[in-house]
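The model shown is predicted, which means the values in this text are computed figures rather than measured ones. Residue numbering restarts at 1 for every chain, and letters A, B, ... go by the order of the sequence lines.
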There are 2 protein chains.
Amino acid sequence: MYAEPMSLRYALLGLLAEEPASGYDLTRKFERALRRYAWHAQHSQIYPELNRLATDGLVMVAAEGPRGRRAYAITDKGRSELRSWMLNPPDVFVVRHEFVLRLFLLSTLDADDARAVLRPIVEESARELATLQDSIATNDATTPPGALPAFGRLVAEYGLRSFQTMHDWAVWAMDQIDRASPTAPPDRPLG
Amino acid sequence: MYAEPMSLRYALLGLLAEEPASGYDLTRKFERALRRYAWHAQHSQIYPELNRLATDGLVMVAAEGPRGRRAYAITDKGRSELRSWMLNPPDVFVVRHEFVLRLFLLSTLDADDARAVLRPIVEESARELATLQDSIATNDATTPPGALPAFGRLVAEYGLRSFQTMHDWAVWAMDQIDRASPTAPPDRPLG
DNA sequence: TGCATCATGTAAAAAGTTACATGATTAG
DNA sequence: CTAATCATGTAACTTTTTACATGATGCA
């Protein structure tokens, strides 16, 4: 009876609920913050959608700047639509995760190829983890001790834990493969 | 210079690398196994793609059955294309995860609404976790002890750890919100 | 003055979803 | 005999990507 996907619409509404932004700003937020974890959208999709949101009265032009810049702000109507979307999650979430798809297909490779796929995952997730840990530490240090943690902190924690999980899993998986079919004779100490 | 996404193509190739299957079988595999974790595709997308894969010589009709059923098998060419795709991951993976998007937007809600969003996550991830743990235990029990673990086991482990992470995080997040703004006066024991 | 970045759009093509359409086989 | 499931397709529509297109501002 009803459709209700259109996550892009709510992603934009959500970002504008945090603070007013232009299409250009929003494009950068997707690229920098959302893309690797949650959702992506190009500017060619964002600008038309902002215009539709404005037509529907969910956002409004809050300020104009140089080079035709238009900063949008969410309206009360927009805020209420966003809230109702947030409080009514679907039964199954849309998931499209090429990394996990590749995990599923690891079984099509032999042990050496599988190791070659896993190795960079171990390395990159370790790097990613360190970066995140660092930026969280910096953030926590600047927050007054004992004060309420900002919501952004919750997302950061989720990202941190997810990378930790990925890293630990990849190390474990490598080990499983090594046990099943060692490349070289294991360098076993005496005893 | 080159495009190279078309993950659906490789998802199909990968599933067919495990065992021959019909479009109908593949549709069910997406629905049952891949959809919640990695990727989804409808039969209306699968059938045309299988025909294209056959035209390109990456798969072939291996068997015909009742009701016009056609079981496809991967060819050597298909296997080699799949391998090269697997060994050449992109710099950034395609990610589209409505659940995580909603996490990002949690900051647009007040504490009560945020709790209302998190509560079902805690409950559902716990259920999911129990189901997965169960099916892994059953699987591990039927596998000869000390034998090489099948690759499917690696994916199952990843799923398990991911749900555990989600669950633990959601519990932690609820607690953080409670600390910042308790709903009712905390039922604090004397002392 | 020239280059990077800011800033917004549209058009064409590809990918994905929903709806329409049809028929065979099998188990109860 | 009839309902569920197996089985494959196409059409219309929506969403997303890639490419085309243009110009202003600020900094070195």
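- Considering only side-chain atoms of B/Asn51, the nucleotide from D/dT15, D/dT16, D/dG9 that sits closest is D/dG9.
- Atom CD of B/Glu64 is separated from atom C1' of C/dT25 by 17 Å (rounded to the nearest Å).
- The base of D/dT18 lies close enough to the side chain of A/Ser44 for a donor and an acceptor atom to sit less than 3.5 Å apart.
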Taking it one step at a time, do A/Leu34 and A/Leu15 satisfy side chain to side chain contact (heavy atoms under 4.5 Å, CB included)?
CA-CA 10 Å; A/Leu34 292 172; A/Leu15 291 174; 3.9 Å; yes
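- In this structure, A/Trp39 places its CH2 atom 15 Å from C1' of D/dT17, rounding to the nearest Å.
- Between B/Gln42 and C/dT17 there is a side-chain polar atom (N or O) within less than 4.0 angstrom of OP1 or OP2.
- Note: NE2 (B/His40) to P (D/dT15) measures 17 Å, nearest angstrom.
- Put simply, the side chain of B/His43 and the base of D/dG9 share a donor and an acceptor less than 3.5 Å apart.
- No continuous path of hydrophobic side-chain contacts links A/Met60 to A/Leu26 [ILVMFWY only; heavy atoms under 4.5 Å].
- B/Ser22 and B/Asp25 share a donor-acceptor pair across their side chains, judged by distance under 3.5 Å alone.
- For the OP1/OP2 pair of C/dA7 and a distance below 4.0 Å, the side-chain nitrogens and oxygens of A/Arg69 include at least one atom meeting the criterion.
- Taking side-chain N and O atoms only, B/Arg67 has no distance below 4.0 Å to OP1 or OP2 of C/dT25.
- Both A/Phe104 and B/Leu87 belong to a common hydrophobic cluster when Ile, Leu, Val, Met, Phe, Trp and Tyr are linked at side-chain heavy-atom distances under 4.5 angstrom.
- Across the protein-nucleic acid pair, B/Leu53 atom CG and D/dT8 atom P stand 15 Å apart, rounded to whole Å.
- Checking the phosphate oxygens (OP1, OP2) of D/dG9, no side-chain nitrogen or oxygen of B/Tyr47 falls inside 4.0 Å.
- When the C1' atom of D/dT16 is taken as reference, atom CZ of A/Phe30 falls 12 Å away, rounded to whole Å.
- Distance CD (B/Glu49) to P (D/dT10): 14 Å, rounded to an integer number of Å.
- Between the CD atom of A/Glu31 and the P atom of C/dA7 there is a distance of 16 Å, rounded to whole Å.
- C/dA11 atom P lies 17 Å from atom CD of A/Gln45, rounded to whole Å.
- Note on A/Arg70: a side-chain N or O is less than 4.0 Å away from OP1 or OP2 of C/dG9.
- Taking the side chain as every heavy atom from C-beta outward, B/Tyr72 and B/Leu58 never approach each other to under 4.5 Å.
- Here A/Arg9 lies out of heavy-atom contact (under 4.0 Å) with every strand.
- Summary of the strand contacts: B/Arg96 and B/Ala71 both lie near DNA chain D, and taking for each the nucleotide with the nearest heavy atom, the more 5' one is attributed to B/Ala71.
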